[in-house]
Amino acid sequence: MNVTPAVWLITIAVTIAFFVYEFFAHVRKPHEPSIGESARWSAFYIGLALLFGVGIGMVSGWGFGGEYFAGYLTEKALSIDNLFVFLIVMSGFAVPKAYQQKVLMIGIIIALVLRGIFIAVGATLIDNFSWIFYIFGALLLVLAYRQAFSSHESDPANGRAVRLARRILPITDDYHRDRIAVRIDGKRFFTPMLLVIIAIGVIDLVFAVDSIPAIYGLTEEAYIVFTANAFALMGLRQLFFLIGGLLERLVYLAQGLAVILAFIGVKLVLHAMHVNELPFINAGEPMLWAPEIPIWFSLAFIGATIAAATVASLAKTRGQGHAGPPTAEDEREIADATTDR
């Protein structure tokens, strides 16, 4: 896939333009989005992502198009898991609904920047060290196990970074609209909004460790990795308000993501064996008998796993869902009762 520097610059510029527009059109004035507004913009961004994938297929070939769609589906699923943790953070810090948009926007921007850094590092490693696929594969298998079986009982609102910030910074007890810092009696104080942003940033870093090796297991094209991540994050803010009441019903999402991560981990290890150069494995010779899983199978497997996890979750929680976004009381109950990410 031949991507010129000009195409990269245009893509990055358009991505930045979308987020700038989002801020000035929707986030700058604090408000809680309606279901209609959230649905329209979610549909717009999903449709745009699908059209972009069709464009990649028509211009660069459907092999690359398939890699993009598989990567986009995987990143979107991981992003929805990310939303669930964002919901817990919002509840833990009791962020007023009118200010949640700003927190989400900042969190999404942090996520995109961190993933951009990870993408660049990952591309450099892949170009220079073929054995990195062993590392990525093993990492994903470990993450898959943790996703499926580990209990995440830590409270993001009381994480190490947040506790450190509370000790060294003057923090007010109350929010002052959506401001991060205020002056009181001539002294500068930070508001709980800063702690929320710190917690979101730490969570974004953790999720970047999951998502970047996962998508590099589906494509080695840095451009596809970046655009799939960008489109997965676009519209995430609106999706939060659209499906907020359904997030707690996706009880099998973690298990579904574990299956996907494990599948990609195995795919990466098989690919590493196929291109092996490590002298202490098979005398440094490639193991050509190791199968290469085709992208069409990966796409079908990921799509089927997401669908199965969603259907099973909704069937399991039938009659327990909410007609709309959770109330403040609902959110407190989720924050208190949730033990999984």
Side-chain angles (χ1 to χ4, degrees), residues 8-49 51-52 72 75-76 78-80 82-91 93-119 156 165 172 175-183 188 190-205 207-208 211 226-244 247 325:
W8 269 108
L9 289 174
I10 292 171
T11 302
I12 293 172
V14 171
T15 302
I16 293 173
F18 268 111
F19 283 106
V20 170
Y21 171 78
E22 282 268 294
F23 176 78
F24 284 101
H26 302 290
V27 178
R28 190 178 185 184
K29 183 179 180 181
H31 71 286
E32 181 182 352
S34 66
I35 294 297
E37 176 186 341
S38 299
R40 287 192 299 273
W41 281 102
S42 294
F44 170 77
Y45 281 117
I46 292 173
L48 195 63
L51 285 176
F52 185 82
Y72 174 72
E75 295 302 318
K76 201 67 175 178
L78 287 168
S79 296
I80 291 174
N82 204 347
L83 280 185
F84 190 83
V85 185
F86 282 0
L87 178 61
I88 297 173
V89 171
M90 301 287 192
S91 302
F93 283 101
V95 181
K97 286 185 177 296
Y99 308 148
Q100 290 182 1
Q101 285 204 93
K102 184 173 183 178
V103 174
L104 287 168
M105 174 62 74
I106 293 174
I108 290 168
I109 291 172
I110 293 173
L112 187 59
V113 171
L114 289 174
R115 293 184 189 192
I117 294 171
F118 275 57
I119 289 167
T172 63
Y175 288 93
H176 292 258
R177 294 181 59 82
D178 59 348
R179 298 174 66 181
I180 295 175
V182 293
R183 284 195 175 275
R188 188 177 184 84
F190 294 97
T191 72
M193 189 69 73
L194 177 64
L195 300 179
V196 177
I197 292 170
I198 291 173
I200 293 290
V202 172
I203 291 166
D204 282 335
L205 180 60
F207 274 89
S211 65
F226 176 79
T227 52
N229 269 277
F231 277 112
L233 292 172
M234 285 182 184
L236 199 60
R237 176 182 59 81
Q238 292 89 344
L239 196 62
F240 176 86
F241 292 99
L242 180 62
I243 68 171
L247 284 174

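Note that the structure is predicted; figures quoted are calculated from it, not measured. What's counted below: heavy atoms across the whole structure, side chains too, no hydrogens, waters or symmetry copies.
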### Message
What verdict does the side chain to side chain contact (heavy atoms under 4.5 Å, CB included) test give for Met105 and Phe19, after you've listed the backbone C-alpha separation in whole Å, the side-chain angles of each residue and the deciding distance to 0.1 Å?
### Response
CA-CA 8 Å; Met105 174 62 74; Phe19 283 106; 3.9 Å; yes
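- Shown are Leu233, Ile117, Ile16; of these, the side chain to side chain contact (heavy atoms under 4.5 Å, CB included) with Leu112 is made only by Leu233.
- Side-chain atoms of Thr191 never come within 3.5 Å of backbone atoms of His176 as a donor-acceptor pair (strictly under, hydrogens ignored).
- Using cut-offs of 30° and 60° for the angle between ring planes, the Tyr45 and Phe18 rings count as perpendicular.
- In this structure, Tyr175 and Val196 have side chains that are in contact, with non-hydrogen atoms separated by less than 4.5 Å.
- Counting heavy atoms from C-beta outward, Leu239 and Lys76 have side chains that approach closer than 4.5 Å.
- Between Phe226 and Ile119, the closest heavy-atom pair is CA-CD1, 3.6 Å.
- Note that CG of Leu236 is 10.5 Å distant from CD of Glu22, once rounded to the nearest 0.5 Å.
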### Task
Check step by step if side chain to side chain contact (heavy atoms under 4.5 Å, CB included) holds for Ile106 and Ile200.
CA-CA 9 Å; Ile106 293 174; Ile200 293 290; over 6 Å; no
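- Here the closest heavy-atom approach between residue Arg188 and residue Arg183 is recorded as N-NH1, 4.0 Å.
- Val95 and Gln100 make their closest contact through O-NE2, 3.1 Å (heavy atoms, listed as atom of the first residue, atom of the second, distance).
- When all heavy atoms of Thr15 and Thr11 are compared, the closest pair comes out as OG1-O, 2.8 Å.
- Taken from CZ in Phe44 to CE in Met234, the straight-line distance is 9.0 Å, to the nearest 0.5 Å.
- What you find for Gly201 and Leu114 is that their closest heavy atoms are O-CD1, 4.0 Å.
- Of all heavy-atom pairs between Ser38 and Gln238, the closest is CB-O, 3.4 Å.
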